[in-house]
Amino acid sequence: MNRLAGETSPYLRQHRDNPVDWYPWADEAFARARAEDRPVLLSIGYSACHWCHVMAHESFEDADTAAVMNELFVNVKVDREERPDVDAIYMDATQAMTGHGGWPMTVFMTPDGRPFYCGTYFPNQRRHGMPAFLDICRAVDDAWRNRRDDLLEQASNLTEAMGRESLIDIEAGANGGDGLPGTELLTAAHRQLREIHDDRWGGFGGPPKFPQTMSLELLLRAHQHNGSEGTLAVVRTSLDAMASGGIFDHLGGGFARYSVDGQWLVPHFEKMLYDQALLARVYLHAWQVTGAPGYRQVVEETIGYVLRDLRHPLGGFFSAEDADSEGEEGRFYVWNPAQVREVLGDDAEAAMEWYGVTDVGNFEGNTILNRIPHRGDLLRPPEIESARARLLAARGSRVRPGLDDKVLAEWNGLMLSTLAEAAAATSSGEWLAAAIATGEFLLRELRRPDGRWLRSWQADAGAKTLAFAADHAALVDGFTRLAEATGEARWIAAAIETAEAMLGLFWDDEGGGLFTTGHDGEALVARPKDLLDNATPSANSMAAAGLLRLAGLTGVDRYQQRGEAILRLLGPVAGRHPTAFAHLLGAVDLLDSGITEVAVVGDRPDLVAEVQHRYLPNAVLAWGEPYESPLWHAREDGLAYVCRDFACQAPVADVAALAAQLGSGHS
């Protein structure tokens, strides 16, 4: 057994019985490398990563391979989800050296952490044009012993390149002028998104296809302003296609990470918490805009999956479920006709027709359930719903994919925002209770006694790793949304405390924006900034939107100024690359449109519900327990107040009048 058994990360613990002498990321590993004058072999992956498992089985579980690794290197294993700072730095180096990146990531570096050779997956034998992993190891060792000057020069060049792209982007934004980005930028971004959308199958670009929820959210915002049916059709095409495809779990709810084909049929079967949070959110908003019951069904089943399969009894949410079970990708999810008939008997034929189950299958001789031939037709008749429930129960007896049971502050913040917003929009008491339990869990388990947020918690090991900027930004939004859903002032207090910590620990006083790591964090070979919206919104995008909304609720001008500063920094480059900055552009829209501030004073649940049930992406809501804010000053009980652009409309006492003030949303 190596040093990984006591780690909070299930991914690291998966490697605890490897014959490789693994270290977690720690000073001890680098001290040994310096003392023994050996390179460090850094392997970065995550629990639900299929090719990480393949490389582990081929190489890290092999005694002969491990013996070479142990002889030549000090070996360090990192969970990218637990240490996004380390991952970001060495991903920059990998992309600079190879032109691409991914996981598993394999990096050879000096004892002081400077990379000199990078790659991703290496097979155990030379194939498909890729060198064998052991050949790489021996070549690196030979160069370290005999051509070290060349390696050190390469290390210097790569270290210099790390973060260069981010710096170029920042400079491009900073040189774009002192003005705030606005309508012209948003119009250009909307046009680009429309142009690259796949109007036949949905999504943006070709396979592999990722949901790109933030781009869809941006288009929903555009439709809110212009009422364009064409813009709404783009959103509906993508949402209908994803919910009908195999990327959606038609029995148990929830979405897989991405589709390997252009039609959303064959997923990479891993299920990530952040995808559930972001996808449930965009389907919720689409339901609010369209009233389509199929979208609400997707929301209910996705949140239902999270509450059923990813929830810790104490209230937090686990990170992911693996793609593999019993050594096969997707085995848990696929069906053949004999299996369906065994469960359903005489009812099997109707269910097989509904879900497309055939003798030939659509995935390695089996069938991924889908509704692609009937895209958007998601509402099940009673006999199909009964069959679905029976198939789900039968599937429960199969060996489940592996569960990554660590609780991450950032991803829980994303899920908290969605749960709170969905609870308010649908008046679901169950979802509201789950959101409150999540907020209480985070405050209780992921903060040190001195108030410092931590990133990762696991039941057996507790919490560890100082939280990053993205954790704080997601929590600010989560607590703000929870305050709007509950009317409880304690959640605004939590949002304020977290925002103050975020600005104190991560703000760059010289260049603007947020660093990934705090001023109290470990000094790495570079200090990155999380700028691009990828699978999750970037720290700076979330912070910009969260700070602007918190400013609207509290009247604290400092939050407004910091949010605007991020938009000045990144706005111009965001307009040129909308899919890489879609969440940030949502914050630009928030600022450009102006926040609508709604306060409902006193006990008026009918007025509160009128606001909560609407799609109002640029509004904030104060109700329930008063807190320090101009929204509460000199306001009378029993009335709703709607203010925008420093001007307030007349207070109203009935739902119809409030609805008229809130309007259709088109401007």
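For reference, positions follow the sequence shown, starting with 1.
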Evaluation steps, side chain to side chain donor-acceptor pair (under 3.5 Å), between R549 and T480: CA-CA 8 Å; R549 296 190 81 255; T480 303; 5.4 Å; no
Kindly give the heavy-atom pair with the smallest separation between [X] and [Y], and that separation in Å.
| X | Y | result |
| --- | --- | --- |
| H374 | S244 | O-OG, 4.4 Å |
| I566 | A543 | CD1-CB, 4.0 Å |
| L585 | L186 | O-CD2, 3.4 Å |
| L284 | V299 | N-CG2, 3.3 Å |
| P578 | A189 | CB-CB, 3.8 Å |
| I372 | G245 | CG1-CA, 3.8 Å |

How about [X] and [Y]: do any of their side-chain heavy atoms sit closer than 4.5 Å?
| X | Y | result |
| --- | --- | --- |
| K209 | Q263 | no |
| Y333 | I368 | no |
| Y305 | L310 | yes |
| N336 | D359 | no |
| I303 | M415 | yes |
| D87 | M105 | yes |
| V340 | P337 | no |
| P617 | E217 | no |

Has [X] got a side-chain atom pairing as donor or acceptor with [Y]'s backbone, closer than 3.5 angstrom?
| X | Y | result |
| --- | --- | --- |
| K271 | A48 | no |
| T438 | G315 | yes |
| D592 | V588 | no |
| S397 | A394 | yes |
| D471 | E410 | yes |
| Q192 | G575 | yes |
| E610 | D606 | no |
| N534 | T536 | no |
| R614 | G663 | yes |
| T367 | L369 | no |

List the steps and the verdict of salt bridge (charged side-chain N to carboxylate O under 4.0 Å, His left out) for D346 and R341. CA-CA 7 Å; D346 294 340; R341 292 188 181 103; over 6 Å; no
Any chance you could lay out the side chain to side chain donor-acceptor pair (under 3.5 Å) test for H225 and S593, step after step, and finish with the verdict? CA-CA 9 Å; H225 294 308; S593 300; 3.2 Å; yes
Do we get R371 above W264's six-membered ring, with its NZ or CZ under 6.0 Å from the centre and within 45° of the axis?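 Negative - R371 is either too far from the ring of W264 or too far off its axis.
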Distance to the ring centre below 6.0 angstrom and angle to the axis at most 45 degrees; does that hold for R380 and W354? no
Let me see the working for D322 and H53 under side chain to side chain donor-acceptor pair (under 3.5 Å), right down to the final yes or no. CA-CA 10 Å; D322 208 335; H53 297 321; 2.7 Å; yes
Run the ring pair (Phe, Tyr, Trp, His ring centres under 6.0 Å) test against F248 and tell me which residues pass, sequence neighbours left out. H250, F255
How long is the span from the [atom1] atom in [X] to the [atom2] atom in [Y], to the nearest 0.5 Å?
| X | Y | atom1 | atom2 | result |
| --- | --- | --- | --- | --- |
| S427 | Q612 | OG | CD | 7.0 Å |
| H285 | L239 | NE2 | CG | 12.0 Å |
| F317 | H312 | CZ | NE2 | 12.0 Å |
| D533 | T579 | CG | OG1 | 9.5 Å |
| T237 | R200 | OG1 | CZ | 12.5 Å |
| E270 | E329 | CD | CD | 8.0 Å |

Do the side-chain N and O atoms of S417 and D477 include a donor-acceptor pair separated by under 3.5 angstrom? yes
For residues N540 and S538, is any side-chain donor paired with an opposing acceptor at under 3.5 Å? no
Quick one: do D275 and R257 make a salt bridge, cutoff under 4.0 Å?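 Answer for the salt bridge query: yes.
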Test: E321 and R400 ion pair at under 4.0 Å: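 R400 and E321: salt-bridged.
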Should the heavy atoms of other residues, nucleotides or ligands under 6.0 Å from [atom1] of [X] be counted, would the total exceed 12?
| X | atom1 | answer |
| --- | --- | --- |
| E353 | CD | no |
| E184 | CD | no |
| E430 | CD | no |

Near-ring test F269/F363, centroid separation under 6.0 angstrom: yes
Derivation and outcome, salt bridge (charged side-chain N to carboxylate O under 4.0 Å, His left out), residues D589 and R221: CA-CA 8 Å; D589 180 59; R221 284 176 172 271; 2.8 Å; yes
Residue list, side chain to side chain contact (heavy atoms under 4.5 Å, CB included) with R296, at least two apart or on another chain: W287, E300, T426
Assess the residue pair K406 and E81 against the criterion (salt bridge (charged side-chain N to carboxylate O under 4.0 Å, His left out)); give the C-alpha distance rounded to whole Å, side-chain angles, the decisive distance to 0.1 Å, and a yes or no. CA-CA 10 Å; K406 67 178 181 294; E81 297 168 353; 2.7 Å; yes
Could you list all the ring pair (Phe, Tyr, Trp, His ring centres under 6.0 Å) pairs where at least one residue sits in residues 194-219, not counting sequence neighbours? H197-F204, F210-Y258
Between T231 and R194, is a side chain to side chain donor-acceptor pair (under 3.5 Å) present by the stated rule, with each step listed? CA-CA 7 Å; T231 299; R194 289 282 300 270; 3.1 Å; yes
